[in-house]
Number of protein chains: 6
Amino acid sequence: MMLLENMSYVEVEAYLVEKDIVIVPVGSTEQHSPYGLIGTDFITAEAIAREVGRRLDIIVAPTINYGMSQHHMGFKGTVTLSPETMVRFIKDITQSFLDHGFRRIVFINGHGGNIEPVRTAFSQLKYENKKGIFEIISWFLLPEVQEIERDIFEDKNGLHATPSEVSITKYLRPEAFKTKPTEKKKITKNKIYFPLSREEFKKAYPDGRMESAPWLAKEKYGKLIIEEAVRAISSRIRGILKLKIL
Amino acid sequence: MMLLENMSYVEVEAYLVEKDIVIVPVGSTEQHSPYGLIGTDFITAEAIAREVGRRLDIIVAPTINYGMSQHHMGFKGTVTLSPETMVRFIKDITQSFLDHGFRRIVFINGHGGNIEPVRTAFSQLKYENKKGIFEIISWFLLPEVQEIERDIFEDKNGLHATPSEVSITKYLRPEAFKTKPTEKKKITKNKIYFPLSREEFKKAYPDGRMESAPWLAKEKYGKLIIEEAVRAISSRIRGILKLKIL
Amino acid sequence: MMLLENMSYVEVEAYLVEKDIVIVPVGSTEQHSPYGLIGTDFITAEAIAREVGRRLDIIVAPTINYGMSQHHMGFKGTVTLSPETMVRFIKDITQSFLDHGFRRIVFINGHGGNIEPVRTAFSQLKYENKKGIFEIISWFLLPEVQEIERDIFEDKNGLHATPSEVSITKYLRPEAFKTKPTEKKKITKNKIYFPLSREEFKKAYPDGRMESAPWLAKEKYGKLIIEEAVRAISSRIRGILKLKIL
Amino acid sequence: MMLLENMSYVEVEAYLVEKDIVIVPVGSTEQHSPYGLIGTDFITAEAIAREVGRRLDIIVAPTINYGMSQHHMGFKGTVTLSPETMVRFIKDITQSFLDHGFRRIVFINGHGGNIEPVRTAFSQLKYENKKGIFEIISWFLLPEVQEIERDIFEDKNGLHATPSEVSITKYLRPEAFKTKPTEKKKITKNKIYFPLSREEFKKAYPDGRMESAPWLAKEKYGKLIIEEAVRAISSRIRGILKLKIL
Amino acid sequence: MMLLENMSYVEVEAYLVEKDIVIVPVGSTEQHSPYGLIGTDFITAEAIAREVGRRLDIIVAPTINYGMSQHHMGFKGTVTLSPETMVRFIKDITQSFLDHGFRRIVFINGHGGNIEPVRTAFSQLKYENKKGIFEIISWFLLPEVQEIERDIFEDKNGLHATPSEVSITKYLRPEAFKTKPTEKKKITKNKIYFPLSREEFKKAYPDGRMESAPWLAKEKYGKLIIEEAVRAISSRIRGILKLKIL
Amino acid sequence: MMLLENMSYVEVEAYLVEKDIVIVPVGSTEQHSPYGLIGTDFITAEAIAREVGRRLDIIVAPTINYGMSQHHMGFKGTVTLSPETMVRFIKDITQSFLDHGFRRIVFINGHGGNIEPVRTAFSQLKYENKKGIFEIISWFLLPEVQEIERDIFEDKNGLHATPSEVSITKYLRPEAFKTKPTEKKKITKNKIYFPLSREEFKKAYPDGRMESAPWLAKEKYGKLIIEEAVRAISSRIRGILKLKIL
């Protein structure tokens with residue numbers, strides 16, 4: 001596996017003779033209800049991204065562990081960048097790869113709140129006339145993944161602290177779940193608007209779940225969902241590799 | 001019609017006793033191929049927004065005529081804000097309405113490039129714990145509108161300088177089209193990545209169209225599409241009016 | 001009339017072969033007392049700018065409808081950019097025209113609060129070594145206009161919600177005045193300092209007028225004042241056209 | 001003389017019991033032709049401000065020696081803040097005085113390029129709803145001063161590196177002029193636009209003078225002009241002291 | 001071990017009843033010569049920080065994998081934040097912990113370039129009057145660690161890509177070193193200034209080492225140095241726990 | 001003495017033919033207990049810097065009188081830049097000198113709070129790939145100076161409002177001390193953390209001293225300490241002059 005963190009610059013130089021693509025896992029540090037891990041979003045993104053990199057022989061950069069999670073700040077342990085900081089952060093990371101000659105920079109993302117600031121950063125780079133493919137792929141939005149989630153969890157996957165992401169983390173870090181609850185609770189679906197502030201979120205979703213049933217999570221489901229996400233993303237990246245840089 | 005620009009502050013005070021919603025049309029000043037008007041995006045957004053406001057008795061704010069159009073800067077006459085400026089601009093506009101007690105602030109949008117910076121501005125306000133519904137509705141992304149576009153233009157609407165938006169502006173400003181061409185040209189569909197810089201865009205779409213057939217535009221289609229957009233947006237806004245502010 | 005919004009990029013290209021000047025109307029969305037329209041400043045700037053453009057065959061860009069109006073925020077319906085946002089906004093707009101080869105960029109302005117941030121934006125561009133004439137002409141500060149205002153309104157024009165600007169908007173949008181008051185009120189002149197915050201402004205000018213008698217406004221005066229402003233600005237722009245770009 | 005720099009916080013506390021005004025001299029570090037000193041603008045502002053403070057028993061803060069001088073950067077030794085930095089700098093300085101209870105903060109200014117960023121900073125503070133009188137008085141723009149300049153130098157004072165400011169610095173620092181030229185040169189008056197970039201300025205004014213005859217400077221004139229500036233500013237500050245803080 | 005990423009918000013709530021301290025490992029993604037890993041700085045900081053957390057029962061936050069490494073950008077694979085972005089990033093992270101009631105926020109740092117921006121972020125928070133202990137402890141600057149380094153490597157530890165940090169990563173990730181060189185090279189010591197730009201750095205240190213002998217690295221040394229760093233940092237943190245929050 | 005403020009650009013041009021070094025004194029405007037002057041930090045830095053410049057024939061720029069003093073804002077008369085503003089301010093100053101061809105830009109500093117923002121500004125310039133030596137030398141941190149301070153004041157010099165800096169200002173401005181107290185007070189040494197907010201600082205150090213005995217200050221000590229500081233800095237600058245610009 002080509003983890004950038006385990007390579008030397010000499011090895012990156014050799015890689016760049018042949019390829020111009022890099023994968024960057026990006027997640028967040030935010031509450032995932034009493035059932036899930038605060039690190040869920042980067043743990044899932046990292047595992048999926050690294051497996052994609054392994055299969056396609058692509059360098060995987062260190063994981064971005066902090067993201068834009070302002071709406072979860074009503075719950076202890078959440079850490080958030082402001083959207084404006086996130087824009088600058090992603091811009092600087094992407095610019096660094098551009099400086100070295102990378103031209104296909106693919107963020108594999110585990111958190112919905114990151115999408116707009118990451119894309120705004122891409123636009124800011126394009127405004128500055130930078131060349132190349134800047135892409136963010138959110139594994140949980142892939143139709144293939146959503147299909148398998150529906151197969152397993154029916155209408156109980158919800159939007160946050162989903163049994164899908166909890167299954168993945170359970171598969172990857174079973175020991176962390178020894179202290180987590182497993183009993184069922186009620187699922188309530190209200191008409192809500194987005195985005196929500198930290199206070200609004202807590203009123204709408206008092207225990208941090210968004211219409212989800214994380215108690216349905218199982219390690220074996222996690223394994224299946226990772227596999228599907230890896231397959232779907234690999235296919236998209238093969239497409240990206242075929243595109244001509246304009 | 002309640003145009004904010006034609007009201008006095010006394011009239012706004014009276015309105016705020018009863019309602020907390022405002023509509024803000026937002027477009028851009030950017031090339032729309034040799035066939036279309038540089039003002040297309042704000043002309044369409046303004047016409048649709050004002051008709052929605054008229055039907056629902058909602059204040060319509062002055063139109064935001066400039067947006068995030070960096071990718072069109074390869075064509076003369078395009079004017080763009082940087083994404084970062086656009087974020088701040090929308091944030092200040094929204095904050096001003098919040099200061100007066102508005103709590104449902106709905107941008108009716110005519111340009112795809114605006115969506116991410118507008119949403120990033122919303123997130124920034126939420127990060128600052130501001131209360132209320134901040135929404136952007138892009139008329140050209142509504143399924144109802146896209147259906148009627150397919151009915152009329154089949155697979156020739158494309159993504160930019162579409163016969164749909166050209167029809168609307170032709171309906172609204174027929175005289176401006178006396179100097180515009182009408183002959184057919186080839187439609188080419190390439191595998192392209194997004195976002196594009198100004199230089200990349202011009203390589204991908206040398207005459208400014210994105211897979212569209214603007215020569216198919218007709219005034220009567222414009223009238224139909226406006227009506228459909230107004231109907232679909234009105235329905236969404238009725239939904240917004242029913243939501244409880246958390 | 002050459003409105004940028006009604007042109008195509010092909011038409012702008014043709015224009016740039018011969019000329020390098022563009023006019024940009026800039027106003028604000030702010031209270032103008034119970035007598036005047038919230039849109040006064042951009043309505044007046046737009047009408048004057050377009051007539052100047054028509055007479056001199058100069059492209060007129062879409063109107064900037066929002067400006068720096070922080071001091072009016074104590075009155076409902078006012079919308080303001082922060083001064084810092086206004087600086088960036090004007091800088092990006094001006095830069096866009098520079099990118100296309102425009103070298104004489106003339107803002108025609110309807111609002112005093114815009115002047116300093118617009119000029120600070122110009123300085124910032126010059127700090128970045130950009131070439132060309134960046135000018136802001138405020139119609140209400142022209143000696144020719146102030147003379148005709150004194151002729152008509154004597155010492156009752158005041159500083160905000162003036163009978164002069166109300167006359168112009170009345171001439172342009174008579175229907176908007178059906179719901180506005182017309183009775184006389186007292187004019188008070190106090191020693192005041194500037195700039196004022198929103199709270200200070202409201203203490204100094206409780207109904208939003210600044211020493212003005214907007215009830216004196218008449219459509220026919222509006223017509224006269226527009227004509228004088230157009231004449232005076234046209235003369236200044238002819239001067240600008242003769243200057244050599246250094 | 002109450003120089004803030006020579007006081008202790010205990011002495012400032014005592015002062016604030018009785019008064020809420022502070023004077024801040026602000027200048028620049030920029031070329032003043034071969035005839036004048038690079039420090040001209042802060043040397044003059046400091047001398048005038050301190051004498052005003054002495055006569056009126058007002059605290060005078062340390063001099064701001066660097067300002068917004070981008071247009072002079074074509075000449076060695078000029079140091080400039082970007083306009084955006086100048087806005088933030090002045091905002092922080094002013095905010096600090098506000099924090100301590102000062103409510104009349106008067107900048108006495110020696111350089112035209114500072115005026116707009118200083119005023120933009122004031123507006124930004126007012127946008128943030130800060131209370132108090134923020135004023136900038138530019139000694140060289142006072143009608144009383146300009147009258148005496150016309151009396152002495154007739155039409156040869158010009159706009160930069162003026163015999164007026166050179167006289168003041170000659171009076172204050174005669175020894176610094178031992179190495180400066182005194183011969184006459186031509187005065188050329190061209191139609192020029194403003195603002196100018198560093199390159200444009202150097203084309204317009206190749207030796208750094210702007211239509212001025214600095215060789216006319218005399219120490220005795222400097223003494224006279226300082227006196228007139230001090231008198232005129234003192235009178236304005238007496239007016240400021242009478243104003244009510246809203 | 002209390003890794004924040006493996007906890008739920010309920011568990012963090014329980015922790016905060018008793019403690020107000022959190023440890024945040026921070027490193028960088030930057031070249032470490034042909035001998036060392038690009039991830040060296042965060043791999044070392046993470047391992048040390050987690051062991052400290054384990055021994056003292058303190059929550060350890062997810063590792064910050066990217067830092068301020070502008071000077072290494074001449075070598076492929078380095079990723080850097082601008083100093084200004086780093087300031088904002090650290091400020092947001094720290095602010096998030098403050099929002100939850102943490103009052104002792106200790107960054108354990110593996111990279112010299114991070115120190116100033118991290119401290120500038122702390123100052124910015126203090127400027128905004130935030131309460132609490134914000135500390136950055138750089139393991140490689142601790143006298144205890146430097147003593148053991150001198151014992152083992154004498155004068156050959158150098159300043160970057162040191163045998164000390166290479167030993168630690170070798171101990172933690174032996175497999176990553178299978179592809180790295182081990183032969184000796186020359187050590188050159190020049191008089192150099194700091195900070196260096198990417199180009200200056202490459203001229204001064206052509207292979208990325210700074211006066212170091214990374215070929216001396218051994219796994220067993222790594223184990224020893226980690227132990228010493230953990231011991232020294234634990235002692236400092238015990239001191240921090242005794243301080244009273246003012 | 002070559003004070004930039006007394007030179008013309010012609011004289012700077014001549015200097016730059018031979019040399020590329022400039023000295024910039026930087027201090028702060030902040031409380032120094034009831035015993036010391038608010039201007040202490042820039043008065044000391046200026047005196048030392050000018051004497052160094054005189055001895056080494058180096059241009060000395062105008063003094064930066066305001067710095068980063070947020071922690072002293074609990075005491076009247078302190079003026080502070082935010083750390084972020086200080087970064088931009090120093091960056092613009094340094095960039096101006098770079099634009100003219102200076103390559104060794106040495107800030108001589110009188111205030112600890114300036115060090116990190118000044119260095120962050122240097123890093124930001126290096127991030128932008130600027131060439132040259134950017135150095136800040138804080139006279140009070142020099143071992144030679146600290147040795148003489150220990151000789152004279154033993155363990156009573158403390159950290160702020162030190163008898164050392166008070167001695168220097170007393171030597172330079174004896175008249176300012178006529179109104180200052182001289183009686184002894186208690187010295188308390190507490191375990192404190194840094195950085196402190198304005199409120200924390202005032203709790204830790206209620207009269208503004210930090211473990212110091214400013215009543216020990218004497219003019220003759222001031223003279224000695226200046227001499228030592230000048231000698232030590234001159235020696236460091238001679239070293240800087242020998243370095244090769246990479």
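Here the structure is a predicted model, which is why all the values come from computation and not from measurement. First the proteins, then the strands, lettered A, B, ... as listed; each starts at 1. Heavy-atom basis, side chains included; hydrogens, waters and symmetry copies ignored.
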Should [X] and [Y] count as side-chain neighbours, where that means a heavy-atom distance under 4.5 Å?
X        : Y         : value
Glu5(F)  : Arg173(D) : yes
Thr78(F) : Phe97(D)  : no
Ser8(D)  : Lys180(F) : yes

- Task: Output the residues of residues 100-118 of chain F for which the shortest heavy-atom distance to chain D is under 4.5 Å, in residue-number order; output 'none' if no such residue exists.
- Result: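 His100(F) fall under the 4.5 Å cut-off.
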- Message: Suppose a student defines contact as a heavy atom less than 4.5 Å from any heavy atom of chain D. Which residues in residues 32-66 of chain F would they list?
- Response: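 Ser33(F), Pro34(F), Gly36(F), Leu37(F), Ile38(F), Gly39(F), Phe42(F), Ile43(F), Ala61(F), Pro62(F), Thr63(F), Ile64(F), Asn65(F), Tyr66(F), listed by number.
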Which atoms of [X] approach chain F - backbone, side chain, both or neither, heavy atom under 4.5 Å:
X        : result
Ser69(D) : neither
Glu11(D) : side chain
Thr29(D) : side chain
Phe89(D) : both

- Item | Residue part contacting chain D, namely of Glu30(F), when any heavy atom lies under 4.5 Å |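 For Glu30(F), neither part sits under 4.5 Å from chain D.
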- Query: With chain D, which of Leu16(F), Val10(F), Leu4(F) has the greatest number of heavy-atom pairs at distances under 4.5 Å?
  - Reply: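 Max contact count across the listed options: Leu4(F).
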- Show the numbers, then the answer: is there a side chain to side chain contact (heavy atoms under 4.5 Å, CB included) between Thr169(D) and Asn6(F)? CA-CA 9 Å; Thr169(D) 47; Asn6(F) 288 342; over 6 Å; no
